[in-house]
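Taking it in order: structure first as structure tokens, then the write-up.
Being a predicted model, the structure only gives us computed values, none of them experimental. Every heavy atom of this structure was used, including side-chain atoms; hydrogens, water molecules and symmetry mates were not.
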Amino acid sequence: MTTAATAKGRRADISLSADEARRIALRAQGLLGAPDRRAGVRGVLRRLGAVQLDTISVLARSHELVPYARLGAVGRDAVESAYWTPRPAGGTAEPPHGFEYWSHAACVLPIEEWPLFAFRRRAFRARGHRWHVMKDPDGSCAAVRDRLKADGPLTATELGGAKKGGPWWDWSETKIAVEWLLDTGEVVCTERRGWKRVYDLAERAVPDALFHDDLDDAACIRRLVAQAGAAMGVATRADLADYHRLKADQVDAALEGSGLVPVDVAGWAAPAWADPAALEAESTARGQRHRTTLLSPFDSLIWDRPRTERIFGFTHRLEAYVPKPKRVHGYFAMPLLAGGRLVGRVDPARDGRTLVARQVSLAGTGAVAPMARALREAAEWVGCDDVRVERCDDTRLGEALRTALTA
């Protein structure tokens, strides 16, 4: 690190090299240094501030892959119990650890962040609807409230059905109503059951100390910007906005009070801000261990594609929704993180008790051993006994990988 740099009229007292910025980002995301196993999956959730949910399940669902990448082969039941807190109807339950809401996308969030999303709940109320419009808003919402009060927590199916019978987006009036109440904060999801949201009244499920919307919009956004900055370590304004899907002008207004400090990063065209604790950790760290792992495309280290390209020089796109003939790297290509860099990717699948690497790309011979290690670890984690490589974009590297897997 060097000091006293100036960029675009904004004084930055610290300049970072590209390698320093990369290490800071990895450490902030829990992928450099010893993992905090005592804090476990809940610690990962609190550190990241948001873990994205997605319906795709290949090796596992993305919200399982995120703690796996940081902690190793943590039990999958332990992952679910760390996120979700079942709330039996008529019974008592421990306070929830997390809740589901709109952040970067649909995400699991630490329950401590409930007050911070008051600005978004107010914005939904002011807008009056999200995707669907109810035929009888007052009556439909009242019916959902009454059912949850009497019989909750309930899934949409238990409330009366999620769909009218058509495509997935053809929601029933009940589904529209309960999702609207979730958007606006009257209802909360603190549990998924068989991948279905379980809805409960927020006033019953959210701990009293957190169940309030008295933070004004500026305070909510300032604290979310600070949280995003801590989770990324170092970030541009666009990075900070993308983490919780804030607007650029909201970030601008929040930066001064966020506690983040201006920095310049070599090779970054845009000004950046860093978390002081992340800067301190970089200045004192020596010889920390890099994690070798496969990353979900929805992992917060790489979910922002421009940031991924800027930090790692790695272009990655999710191709699950690309027609099969047009895919370059495969349906659910997972980047390989090794030595603090992204050095390959694999499109995995399962065939019985065999993990199938349907398509592999490697940056060079140095990526062969890390890919073999990552594939073996992933296979063991999901209960597979063998790994089979189908295709590699470099025949020579593909043969080397097959040899390494059998060694």
Side-chain angles (χ1 to χ4, degrees), residues 1-33 47-50 69-70 104 221-291 295 299-317 335 337-343 363:
M1 297 182 198
T2 58
T3 59
T6 306
K8 299 181 180 178
R10 178 206 63 137
R11 183 172 179 81
D13 292 327
I14 297 173
S15 291
L16 302 173
S17 69
D19 280 346
E20 286 172 330
R22 177 176 51 80
R23 287 195 300 269
I24 287 170
L26 287 164
R27 192 179 295 108
Q29 283 280 300
L31 290 160
L32 173 59
R47 180 175 197 151
L48 301 182
R70 288 150 178 83
H104 184 81
I221 293 164
R222 183 171 62 250
R223 288 170 63 175
L224 285 173
V225 167
Q227 189 283 317
M232 288 186 283
V234 59
T236 66
R237 180 183 72 166
D239 298 340
L240 292 166
D242 184 73
Y243 204 83
H244 291 297
R245 302 294 200 211
L246 304 174
K247 297 177 181 177
D249 60 345
Q250 291 176 320
V251 174
D252 286 340
L255 273 169
E256 185 174 352
S258 68
L260 304 178
V261 298
V263 296
D264 290 330
V265 181
W268 290 22
W273 285 261
D275 174 47
L279 293 174
E280 176 65 20
E282 172 62 16
S283 68
T284 59
R286 296 292 182 272
Q288 291 184 319
R289 182 180 66 85
H290 285 281
R291 176 85 174 119
L295 297 170
D299 193 295
S300 51
L301 179 71
I302 58 169
W303 65 18
D304 183 343
R305 308 312 186 204
R307 176 176 168 85
T308 302
E309 292 184 24
R310 186 187 335 120
I311 293 179
F312 297 102
F314 188 88
T315 300
H316 186 65
R317 301 288 184 271
L337 178 69
R341 301 183 185 277
L342 299 177
V343 296

Within 6.0 angstrom of R223 CZ, more than 12 heavy atoms from elsewhere: no
Just by distance, do the side chain of R47 and the backbone of A28 share a donor-acceptor pair under 3.5 Å?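 It does hold such a pair.
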For D275 and I24, run side chain to side chain contact (heavy atoms under 4.5 Å, CB included): C-alpha distance rounded to whole Å, both residues' side-chain angles, the deciding distance at 0.1 Å, then the answer. CA-CA 9 Å; D275 174 47; I24 287 170; over 6 Å; no
What are the two closest non-hydrogen atoms of [X] and [Y], and how far apart are they?
X    : Y    : value
A21  : W268 : CB-CZ2, 4.0 Å
A69  : L295 : CB-CD2, 4.0 Å
R286 : E282 : NH1-O, 4.4 Å
A18  : V265 : CA-CG1, 4.4 Å
L301 : A25  : CD1-O, 4.4 Å
A226 : L260 : O-CD2, 4.4 Å

Identify, with sequence neighbours excluded, every residue that meets side chain to side chain donor-acceptor pair (under 3.5 Å) alongside R317.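 Checked R317 against side chain to side chain donor-acceptor pair (under 3.5 Å); matches are E309.
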Check whether any side-chain heavy atom of I302 lies under 4.5 Å from a side-chain heavy atom of L342, and answer yes or no.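 They are in side-chain contact.
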Nearest-0.5 Å distance that lies between atom CG in L32 and atom CZ in R291: 12.5 Å
Measure the spacing between CG of L246 and CD1 of I221 and express it to the nearest 0.5 Å. 6.0 Å
Per-pair distances, 0.1 Å, donor-acceptor, side chain in residues 227-242, under 3.5 Å, sequence neighbours excluded:
from, atom 1, to, atom 2, distance (Å)
Q227, OE1, H244, NE2, 2.6
Q227, NE2, L48, O, 3.1
T236, OG1, A238, N, 3.4
T236, OG1, D239, N, 3.1
T236, OG1, D239, OD1, 3.3
T236, OG1, D239, OD2, 3.2
R237, NH1, D252, OD1, 3.3
R237, NH1, D252, OD2, 2.6
D239, OD1, R310, NH2, 2.9
D239, OD2, T236, N, 3.0
D239, OD2, R307, NH1, 2.9
D239, OD2, R310, NH1, 2.8
D242, OD1, R245, NH1, 2.5

Under-4.0 Å salt bridge between D299 and R70: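 Judged by the 4.0 Å cut-off on N to carboxylate O distance, D299 and R70 do form a salt bridge.
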For D19, which residues count as a side chain to side chain contact (heavy atoms under 4.5 Å, CB included) partner, sequence neighbours excluded? S17, R22, R23, R341
Quick one, F312 with L26, criterion side chain to side chain contact (heavy atoms under 4.5 Å, CB included). Give me CA distance, side-chain angles, the key distance, then yes/no. CA-CA 11 Å; F312 297 102; L26 287 164; 4.0 Å; yes
